[in-house]
Protein chains: 2
Amino acid sequence: MLPDPYDHIPSSALRPLSGAVGDVVFHQGDPTHGLYVVQTGRVHLERVGPDGERFIIHRAQAGTSFAEASVFSEVYHCDAVCVEAGALIRIDKAAILAALVDPAFARAYGRQAAQQIQVQRQMLEIVGIRRAEGRVMAGLVAGLLEGSVIEFAARLQLSHEATYRALRELVKDGRVMNPSRGIYHLRP
Amino acid sequence: MLPDPYDHIPSSALRPLSGAVGDVVFHQGDPTHGLYVVQTGRVHLERVGPDGERFIIHRAQAGTSFAEASVFSEVYHCDAVCVEAGALIRIDKAAILAALVDPAFARAYGRQAAQQIQVQRQMLEIVGIRRAEGRVMAGLVAGLLEGSVIEFAARLQLSHEATYRALRELVKDGRVMNPSRGIYHLRP
DNA sequence: ATCGCAATATGATTTCAATCATATGTTGCC
DNA sequence: GGCAACATATGATTGAAATCATATTGCGAT
């Protein structure tokens, strides 16, 4: 039901919520209740700039959590806005802090966090590669091409056209196999 | 001495190491000993592609840790190569797992990890902004301009020239103040 | 004081990805 | 079977950032 470390939190600490488009889950400065898990829909975390512009800090998708750091702070430091209607579950921050006393939970939490940090570092390195060809190759090596090329392109922060072209170049250079339309994988 | 959650690990679990340029701290597939803290110098984490190309997964700088996820796995999944000579400290993975039993350590670890995840998510959003002007503005809002504009540009994955030009545009539009040469800050 | 070096700054040119356009293949559905 | 919707492709054009070039400023060392 809940993703990895949170599946052992007692259900008494969980509060299901539903969000319509535009609903504000919390405001910057609000006292923290805890973190949230997106079950369906999408939520944007935003900061407001000096001229009132909204800067997106994070896009939380179904199956992921957000505002984890709020467990360790007194107030939320950004706004959370529902951009696609869906269902959320709020997890009480006290329950997380209590669960961290359990070594099994602490270990699960640590493992999940360390792995997420590693994946994010790698993503930062990959999107930092300027040339589409190098970025696509790095993405392939990282195993980011699961599902459609369009999803792959979005992960790489590239247009799907540029991604298709880079894939073709890599195939032409013999660095990537294209056994059938839409199927690409590394030479083994 | 050691950064945030690791400063309470008993020194018996610490092993100081020195690395020269080109030294391999560990190889992909090696059994894990634990994570590392960079005290001085720089270390690259790399994966080897099918044609032997090296893909950088992460650049670890002085004052930061790397290979945290190795605490929870049996083998390293990438190479660690010293690219600037310096001193490292290896922290025994058993010591981390043992320390997680201590609720105070688990909480410190969780706080640090949650905050790092949040910062990295924000960085991914910022470098995903295509227009230099928007990226620079988002970087300013995020408080990334500490130190030189050159460092700021590197954080944003922009050339320093593009960063200077974007800053000038923002100043021209009145969105950024430039009280003196090299000093930029948001309008309050 | 002045020499050298790095940061700041900006102009000119080039490069490359985004965008726009268009076509074909694929899949699911009635 | 045929249609709609979408993924896969690729060509043409545009736009914006990288790169190259060149000053200028500021600072520390001598």
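So you know, we letter chains A, B, ... as the sequences are listed, proteins then strands, and number each from 1. Keep in mind that this is a model prediction, so the values were computed, not measured.
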Nucleotide dA17(C), atom C1' - distance to CZ of R135(B) in whole Å: 13 Å
Of all the choices, dA17(D), dA7(D), dA21(D), which nucleotide is nearest to the side chain of I150(A) once you look at every atom? dA7(D)
Write down the distance between CD1 (I129(A)) and P (dA18(D)), rounded to a whole number of angstrom. 15 Å
Looking only at atom types and distance, does a side-chain atom of D173(A) sit under 3.5 Å from a main-chain N or O of L170(A), one as donor and one as acceptor? no
Which part of the nucleic acid, if any, lies within reach of Y184(B) when heavy atoms closer than 4.0 Å are counted: base, sugar-phosphate only, or nothing? sugar-phosphate
Among dT24(C), dT19(C), dA7(C), find the nucleotide with the atom closest to the side chain of S159(A). dT19(C)
Between the base of dT10(C) and the side chain of R168(B), is there a donor and acceptor pair under 3.5 angstrom? no
Is there a side-chain contact between R130(B) and the phosphate of dA17(C), meaning an N or O under 4.0 Å from OP1 or OP2? no
Among H44(A), R59(A), H58(A), find the residue that satisfies the side chain to side chain donor-acceptor pair (under 3.5 Å) test when tested with E125(B). R59(A)
If you compare every side-chain N and O of R131(A) against the phosphate oxygens of dC16(C) (OP1, OP2), does one of them come in below 4.0 Å? yes
Upstream residue (5' side of DNA chain C) when A132(A) and E151(B) are each assigned their closest nucleotide: E151(B)
With the side chain defined as heavy atoms from C-beta on, E161(A) is closest, among dT19(C), dT8(D), dA18(D), to dT19(C)
Is there a donor-acceptor pair closer than 3.5 Å between any side-chain N or O of R47(A) and the backbone N or O of H77(A)? yes
Side-chain atoms of L158(B) come closest, of dT8(C), dA18(D), dT8(D), to dA18(D)
Using whole Å, what does the distance between atom P of nucleotide dA9(D) and atom CG of L167(A) come to? 8 Å
In whole Å, what is the span from the CD atom of E169(B) to the P atom of dA17(D)? 11 Å
The side chain of R165(B) is closest to which nucleotide in this list: dA12(C), dA17(D), dT19(C)? dA12(C)
Presence of Y164(B) side-chain N/O under 4.0 Å of dT8(C) phosphate oxygens OP1/OP2: yes
Under a 3.5 Å distance rule, please check whether S70(A) uses its side chain to pair with a backbone N or O of T32(A) as donor and acceptor. no
Whole-Å distance between dA18(C) C1' and H160(A) NE2? 11 Å
Side chain of S148(A) only, heavy atoms from C-beta on: which candidate in dA7(D), dA17(C), dG11(C) is closest? dA7(D)
From CG of N178(A) across to P of dT8(D) the rounded distance in Å is 11 Å
Using the ring of each side chain (for Trp, its six-membered ring), is Y109(B) parallel, tilted or perpendicular to F105(B), with breaks at 30° and 60°? tilted
